[in-house]
Colleague: 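Please read through the structure below; I'll follow up with questions.
Quick note: numbers below take in every heavy atom, side chains included, and nothing from hydrogens, waters or symmetry partners. Nothing here was measured: the structure is a model prediction, and the numbers come from that model. Below, read A as the first sequence line, B as the second, and so on, with proteins coming before strands; counting in each chain starts at 1.
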There are 2 protein chains.
Amino acid sequence: MFSKACEYGIRASIYIGQQSADQGRRVGLRDIATEIGSPEAFTAKVLQLLVRAGLVTSVKGPTGGFELTAEQLRTVTLREIVVAIDGGEMLQGCALGLRQCSARQPCPMHYQFLPIRDQLNELLRTHTIGELAGKVHDGLGFLKQFS
Amino acid sequence: MFSKACEYGIRASIYIGQQSADQGRRVGLRDIATEIGSPEAFTAKVLQLLVRAGLVTSVKGPTGGFELTAEQLRTVTLREIVVAIDGGEMLQGCALGLRQCSARQPCPMHYQFLPIRDQLNELLRTHTIGELAGKVHDGLGFLKQFS
DNA sequence: TGATTACCGGATATATTTGTCCGGTATTTG
DNA sequence: CAAATACCGGACAAATATATCCGGTAATCA
């Protein structure tokens, strides 16, 4: 569904958000990678994308790390994360790969896929990182497999 | 959403199906690639997968080519094509990439994604190649961009 | 039977994604 | 100011997806 980069980006954002909401704790890369079960260096690249897009905040030096401001927790949606990493392609493009699939020249599945894609967009648009972080905080969601 | 290979595979199957239904015409690789706008050699690889999976029929030699039997037209679904090429991963795996995401240890988006994924599965399961081929035949769907 | 046709299958090439490494820079702390 | 910390950014490496090439094989037809 999403690229690995995007999966890591979402999980990392939620973890950072959870730690930020929970007494404003700033978290380092090592910690993030450990807690979401992702490759550290690759996760760093993904986070740089999110920082440049203004979706995550980073601070250098000792006591530095990543955090989400109160505003980011409240306003950044899953959709923004996905678009920043994977681009809008997957959320708009034709399921069968036609470059200009529309009502004018629809692919045979065009009208069947439309409602599903719309729901997916709506889903991503209506969930903030802060909300998802809360779920993890309450033990209602997990970012890694504990076995 | 789907891989390129899968997009080509679906479009090719529908085109073959349309030609098979329309007076049992058998079609060659060159023809297929031209009509759906795909790279010929790569499309051949994808079709081999579908032939091996029993979803498409091939005949060697002069007058040979690809075709869909009446039974294939009636019974082969989009889902079987997708699974044969991309595997079941995308239709079952966790949206956030957790290896064992379930009600026991759900990712924060687990319950939100479930209905969408279910609808997608249902969509693929309930559309046969024959049905989609009919749509193309009737000019209600296209497999390539005509500009 | 011999020539042609067209799919088959393996090897190879290219592009993209995924993942790593390491020096640079900003920041904190003693 | 000096040393340590931790993100930044570019180069590099590995894996996978995409795409091509070409000889092999089966089938048709003269």
Colleague: Round to the nearest Å and state the distance from A/Leu49 atom CG to D/dC7 atom C1'.
Modeller: 14 Å
Colleague: Compute whether any side-chain donor of one residue and acceptor of the other, for A/Thr128 and A/Thr77, lie under 3.5 angstrom apart.
Modeller: no
Colleague: Output the rounded distance in Å from CG (A/Leu50) to P (D/dC8).
Modeller: 11 Å
Colleague: Given D/dG9, D/dC7, C/dT18, which nucleotide is nearest the side-chain atoms of A/Ala5?
Modeller: C/dT18
Colleague: Whole angstrom is fine here: how far is it from CZ in B/Phe42 over to C1' in C/dT12?
Modeller: 15 Å
Colleague: Rounding to a whole Å, what distance do you find between B/Asp31:CG and C/dT5:P?
Modeller: 16 Å
Colleague: Quickly work out the A/Phe66 CZ to D/dT5 C1' distance and round it to whole Å.
Modeller: 13 Å
Colleague: Quick check on C/dT27: is either OP1 or OP2 less than 4.0 Å from any side-chain nitrogen or oxygen of A/Thr63?
Modeller: no
Colleague: Could you give the CZ-to-C1' distance, from A/Phe2 to C/dT18, as a whole number of Å?
Modeller: 18 Å
Colleague: Do the charged groups of A/Arg30 and A/Glu40 touch, with an N to O distance under 4.0 Å?
Modeller: yes
Colleague: Is the NZ atom of B/Lys144 crowded by more than 12 outside heavy atoms at less than 6.0 Å?
Modeller: yes
Colleague: Please report the distance, rounded to the nearest Å, between CG in A/Leu29 and C1' in C/dC22.
Modeller: 15 Å
Colleague: Taking any heavy-atom pair under 4.0 Å as a contact, classify B/Leu47: base, sugar-phosphate, or nothing.
Modeller: nothing
Colleague: Between B/Ser58 and A/Lys60, which is nearer to the 5' end of DNA chain C once each is assigned its nearest nucleotide?
Modeller: B/Ser58
Colleague: Which nucleotide in the set C/dC7, D/dA4, D/dG9 lies at the smallest distance from any side-chain heavy atom of A/Pro62?
Modeller: D/dA4
Colleague: Within less than 4.0 Å of OP1 or OP2 of C/dG9, is there a side-chain N or O belonging to B/Arg52?
Modeller: yes
Colleague: Measuring from the side chain of B/Lys4 (C-beta onward, heavy atoms only), which nucleotide among D/dT28, D/dG24, D/dA19 has the closest atom?
Modeller: D/dA19
Colleague: For B/His137, does the NE2 atom sit with more than 12 other heavy atoms under 6.0 Å from it, leaving out its own atoms?
Modeller: no
Colleague: Answer yes or no: is there an ion pair linking B/Arg25 with B/Asp22, defined by an N-O contact shorter than 4.0 Å?
Modeller: yes
Colleague: Which comes earlier along DNA chain C counting from the 5' end, the contact point of A/Ala41 or that of A/Val59, where each point is its nearest nucleotide?
Modeller: A/Ala41
Colleague: NZ of B/Lys45 versus C1' of D/dT16: gap in Å, rounded?
Modeller: 16 Å
Colleague: Of the listed nucleotides (C/dG9, D/dA19, D/dT18), which one gets closest to any side-chain atom of B/Ser3?
Modeller: D/dT18
Colleague: Check every strand shown and say whether A/Arg26 touches a base, only sugar-phosphate, or nothing at a heavy-atom separation below 4.0 Å.
Modeller: nothing
Colleague: With a 4.0 Å limit, can you tell me whether B/Tyr8 has a side-chain N or O closer than that to the phosphate oxygens OP1/OP2 of D/dA19?
Modeller: yes
